[in-house]
Amino acid sequence: MKNFIDHPITWRNYTSDSYIDKKCTHIFKISIADFDKIVAHYPTVLRADEIEKAGRFKHIEDAKRYIIGKFFLRTILSKTLGIEPSAILFSHIGNQKPHIAAQHFNISHSGNFTIIAISPLPIGIDIEFIKNDFDFNSLLKVCFTTSELGHIKNAIDFYTFWTRKEAVLKASGEGIIDNLHAIDCSENTVSRAGANYKLTSNQLDEAHIISLAINTLCFKNEYWFF
């Protein structure tokens, strides 16, 4: 049976001196534990409406994930755009996907991690916490193609294909759709909305799966952690 989990990723430590090649795709891994590193700094990086939104979350862990995502996204984009983090203005396209004209990016968070991807072309990334006790059987025939079903034997397989579909739909700007079974992610490339995307999937650890949908015209990925 085909293995859809790629080789383990080699993550490099990102610092303020790290070089970000704008011709490459860059994926950043941030742990929720990193919140302690930014708690004194995020009020000067996030905008007032973002801070207000963070305060509306019922669960502190959700608020931390939101703040971490906004803080590091603004910090990363500040370096590629050459402007102050708090000065970055986002618009929305497609299914309310955040957007800026000068840089493609995507963000996802689940469990203990937030993942951010930036790229010269449209990109989608998704991370999911693996719930081994989750009964996914009722979703199989509704969400997956016959080809995909032949590869889904356990929770890891399910989350691998689920994240692949979400990554593609985030890259295309569509967001989650009703007919997920119309997208076949059992190959390494998939076409959607007039573009071709390369699919890769990895396990961050035993509890987290990530998948990346990147335009096939992009040739190099760099992986970073903070």
Side-chain angles (χ1 to χ4, degrees), residues 1-6 25 27 53 62 65-66 69 73 90-101 103-111 113-204 207-218 221:
M1 182 179 293
K2 184 177 179 180
N3 182 15
F4 292 90
I5 300 295
D6 291 339
T25 296
I27 299 93
K53 181 177 179 178
D62 292 333
R65 291 186 188 96
Y66 176 79
L73 177 61
F90 298 104
S91 60
H92 292 84
I93 60 173
N95 190 32
Q96 292 300 301
K97 180 181 179 180
H99 169 77
I100 53 176
Q103 179 73 70
H104 294 281
F105 65 90
N106 200 223
I107 184 170
S108 182
H109 52 77
S110 184
F113 293 101
T114 292
I115 300 292
I116 296 171
I118 64 171
S119 182
L121 292 169
I123 189 169
I125 195 163
D126 189 60
I127 179 172
E128 292 290 343
F129 177 76
I130 301 169
K131 299 176 182 178
N132 289 304
D133 59 348
F134 174 61
D135 184 8
F136 54 81
N137 289 291
S138 62
L139 297 175
L140 292 181
K141 291 186 178 180
V142 178
C143 299
F144 299 95
T145 67
T146 301
S147 178
E148 291 169 335
L149 289 174
H151 298 286
I152 300 176
K153 305 301 181 184
N154 52 44
I156 291 178
D157 298 335
F158 169 80
Y159 284 108
T160 297
F161 281 98
W162 184 269
T163 55
R164 288 164 83 88
K165 288 177 184 285
E166 285 221 29
V168 170
L169 291 169
K170 291 171 77 175
S172 68
E174 297 170 84
I176 286 296
I177 59 175
D178 292 333
N179 57 332
L180 285 174
H181 61 279
I183 306 171
D184 190 340
C185 294
S186 61
E187 300 295 336
N188 291 330
T189 58
V190 61
S191 297
R192 192 72 183 174
N196 297 319
Y197 297 98
K198 178 182 178 181
L199 300 178
T200 58
S201 300
N202 296 90
Q203 276 192 258
L204 289 189
H208 299 83
I209 290 278
I210 62 169
S211 288
L212 179 71
I214 179 173
N215 193 291
T216 53
L217 296 177
C218 295
N221 298 348

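Values in this document were obtained by computation on a predicted structure and should not be read as measured data.
Rounding to the nearest 0.5 Å gives a distance of 10.0 Å between CG of Asp6 and OG1 of Thr160. From Ser110, atom OG reaches atom CD1 of Ile209 across 11.0 Å, with rounding to the nearest 0.5 Å. The structure places CD1 of Ile210 at 5.0 Å from CG of Asn202, a figure rounded to the nearest 0.5 Å. Here the CD1-CG distance, from Ile107 to Leu73, works out to 5.5 Å after rounding to the nearest 0.5 Å. The structure places CD1 of Ile115 at 11.5 Å from OG of Ser211, a figure rounded to the nearest 0.5 Å. Within the model, atoms CD1 of Ile152 and CG of Leu140 stand 5.5 Å from one another, a figure rounded to the nearest 0.5 Å.
Partners of Asn154 according to the side chain to side chain donor-acceptor pair (under 3.5 Å) rule, which considers only residues two or more places apart in sequence or in another chain, do not exist here. Looking at residues two or more places apart in sequence or on another chain, you find a ring pair (Phe, Tyr, Trp, His ring centres under 6.0 Å) between His208 and Phe113, Phe129. For Leu139, the side-chain contact (heavy atoms from CB on, under 4.5 Å) criterion is met by Phe134, Cys143, Phe158, not counting sequence neighbours. Residues meeting the side-chain contact (heavy atoms from CB on, under 4.5 Å) test with Asn196, sequence neighbours left out: Ser191, Thr216. Asn188 is linked by a side-chain contact (heavy atoms from CB on, under 4.5 Å) to Lys2, Arg164, counting only residues two or more places apart in sequence or in another chain. Residues passing the side-chain contact (heavy atoms from CB on, under 4.5 Å) test with Ala171, sequence neighbours excluded: Tyr197, Ala213. Qualifying side chain to side chain donor-acceptor pair (under 3.5 Å) partners for Asn137, counting only residues two or more places apart in sequence or in other chains: Asp135. The ring pair (Phe, Tyr, Trp, His ring centres under 6.0 Å) check on Tyr159 picks up nothing, with sequence neighbours excluded. Considering only residues two or more places apart in sequence or on other chains, Thr189 meets the side chain to side chain donor-acceptor pair (under 3.5 Å) condition with none of them. For Gln203, the side chain to side chain donor-acceptor pair (under 3.5 Å) criterion is met by no residue, not counting sequence neighbours.
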_Worked verdict on Ile130 versus Ile156 for side chain to side chain contact (heavy atoms under 4.5 Å, CB included)_ = CA-CA 7 Å; Ile130 301 169; Ile156 291 178; 4.1 Å; yes

_Run the side chain to side chain contact (heavy atoms under 4.5 Å, CB included) test on Leu180 and Val142 for me, step by step, so that the C-alpha distance in whole Å, both residues' side-chain angles and the decisive distance to 0.1 Å come before the verdict._
CA-CA 7 Å; Leu180 285 174; Val142 178; over 6 Å; no

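Residues Asp62 and Tyr66 have side chains not in contact (no heavy-atom distance under 4.5 Å, counting atoms from C-beta outward). Side-chain contact check for Ile100 versus Phe90: some heavy-atom pair is nearer than 4.5 Å. In this structure, the side chains of Leu212 and Ile123 come closer than 4.5 Å at one or more pairs of heavy atoms. You'll find the side chain of Ser172 stays beyond 4.5 Å of the side chain of Pro122, heavy atoms only. Asn215 places none of its side-chain heavy atoms less than 4.5 Å from the side chain of Ser119. Side chains of Ser186 and Phe161 form a contact here, defined as non-hydrogen atoms less than 4.5 Å apart. In this structure, the side chains of Phe105 and Pro98 come closer than 4.5 Å at one or more pairs of heavy atoms.
Counting only residues at least two apart or on different chains, the side chain to side chain donor-acceptor pair (under 3.5 Å) pairs with a member in residues 124-134 are Ser108-Asp126. Residue pairs meeting the salt bridge (charged side-chain N to carboxylate O under 4.0 Å, His left out) criterion with at least one member in residues 192-202, sequence neighbours excluded, are Glu174-Arg192.
The backbone N or O of Ile127 lies less than 3.5 Å from no partner atom in the side chain of Thr163, so there is not a single donor-acceptor pair.
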